[in-house]
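Here, residue 1 is the first one in the sequence, and each next residue gets the next number. Please read all numbers here as calculations on a predicted model, not as lab measurements.
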Amino acid sequence: MAKAHRSQSGVDVGLGTAQESSDKAQSASTEAYIHRPDAKAVGAAVNVEDAHTAPGVKEYLASRIS
C-alpha cells in the first residue's frame, strides 16, 4: 500500500491543491488555504485566501535537505 501511494505524482482530486507523494522526505504539498469560521456558511467556514505557499517555506525545506 505504501509503495502504491509513493508511486503517485501530482494527484488532484479536486479538493484543494495537487499532492506529490513520490518523495517521502518531503511534504505532499506546501500550499494551504486560509479559512475563517462562519456558522452560517456551508461547512461552517469561508475562504479568506486561495491556496499559496507561505513566505519562507521553500527555503526552510531546502535547509533541511542540505
Would you please name every residue forming a side chain to side chain contact (heavy atoms under 4.5 Å, CB included) with [X], sequence neighbours left out?
X	value
Val57	Thr30, Thr53, Ala54, Leu61
Asp38	Arg36, Lys40, Ala41, Val46
Glu49	Ile34, His52

In short, Asn47 meets Tyr33 closest at the heavy-atom pair OD1-CD2, 3.7 Å
Could you tell me which residues satisfy side-chain hydrogen bond (donor to acceptor under 3.5 Å, both in side chains) with Glu31, sequence neighbours excluded, listed by chain and number?
none
